[in-house]
Colleague: 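Just passing along the structure, written as structure tokens.
Note that the structure is predicted; figures quoted are calculated from it, not measured.
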Amino acid sequence: GAKLYLGATIPNEEYAAEALGYDFEKLVLYATSLGLGTCWLGGVLSSTEEILDLIGIKDESLSLKAIITLGKFEDKGAVPNRKPMSDVLI
């Protein structure tokens, strides 16, 4: 499992979430170019208050909007057989 998590908070301002999304994706692409694996974690965002408390952020004007894992990519072999795109797309 991942040992390093990167999170980002933003001020509650218009377009802050969009700007964060672009910047965090640049981070993901850069990490990938270095041979590192990343994964966006979306399910944890329902627990933002608990996470902010755990990491010691008390500023109520900030909200947690993104968390990714970062680490060495583990190659688990070939991707399982999947249906061709033509079978699943309309």
Side-chain angles (χ1 to χ4, degrees):
K3 295 181 181 166
L4 180 61
Y5 297 83
L6 300 174
T9 59
I10 58 171
N12 295 315
E13 297 175 0
E14 189 173 16
Y15 303 115
E18 289 85 350
L20 172 66
Y22 286 116
D23 290 340
F24 233 52
E25 188 59 26
K26 287 180 196 175
L27 174 65
V28 166
L29 293 172
Y30 180 67
T32 303
S33 77
L34 297 175
L36 298 171
T38 64
C39 182
W40 284 86
L41 302 179
V44 298
L45 295 180
S46 60
S47 305
T48 58
E49 288 182 28
E50 183 180 349
I51 293 169
L52 290 174
D53 189 48
L54 281 171
I55 58 178
I57 295 177
K58 306 289 185 209
D59 188 341
E60 292 184 13
S61 68
L62 298 175
S63 59
L64 180 66
K65 292 296 184 188
I67 299 178
I68 62 169
T69 61
L70 180 67
K72 293 182 181 177
F73 179 74
E74 185 177 327
D75 186 1
K76 297 210 176 207
V79 176
N81 291 332
R82 294 186 179 178
K83 291 182 179 181
M85 286 293 214
S86 59
D87 288 355
V88 295
L89 295 178
I90 297 175

Colleague: Using every non-hydrogen atom in the two residues, find where L64 and A8 come nearest and quote the distance to one decimal.
Modeller: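 Heavy atoms of L64 and A8 come nearest at CD1-O, 3.4 Å.
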Colleague: How would you list all residue pairs meeting salt bridge (charged side-chain N to carboxylate O under 4.0 Å, His left out) that involve residues 39-55, not counting sequence neighbours?
Modeller: D53-K58
Colleague: With rounding to the nearest 0.5 Å, note down the distance linking CD1 in I10 to NZ in K65.
Modeller: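 Taking CD1 in I10 and NZ in K65, the distance rounds to 5.5 Å.
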Colleague: Listed by chain and number, what are the side chain to side chain contact (heavy atoms under 4.5 Å, CB included) partners of L41, not counting sequence neighbours?
Modeller: Y5, C39, V44, I67, T69
Colleague: Taking all heavy atoms of L36 and all of K72, pick out the closest pair and write down the distance.
Modeller: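 Minimum heavy-atom contact is CD2-N, 4.4 Å.
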Colleague: Can you list every ring-ring contact (aromatic ring centres under 6.0 Å, His included) pair that touches residues 41-67, not counting sequence neighbours?
Modeller: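 Sorted pair list comes back empty.
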Colleague: Not counting sequence neighbours, which residues clear side chain to side chain contact (heavy atoms under 4.5 Å, CB included) with D59? List them please.
Modeller: S61, L62
Colleague: Of T48, T9, N12, which meets side chain to side chain donor-acceptor pair (under 3.5 Å) against S63?
Modeller: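 The passing option is N12.
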Colleague: Residues in side chain to side chain contact (heavy atoms under 4.5 Å, CB included) with T38, at least two apart?
Modeller: V28, A31, T32, L70
Colleague: For residues 14-37, which residue pairs pass the ring-ring contact (aromatic ring centres under 6.0 Å, His included) check, not counting sequence neighbours?
Modeller: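 Every pair satisfying ring-ring contact (aromatic ring centres under 6.0 Å, His included) with a residue in residues 14-37: F24-W40.
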Colleague: If every non-hydrogen atom of A16 is compared with every non-hydrogen atom of P11, which pair is closest and at what distance?
Modeller: CB-O, 3.6 Å
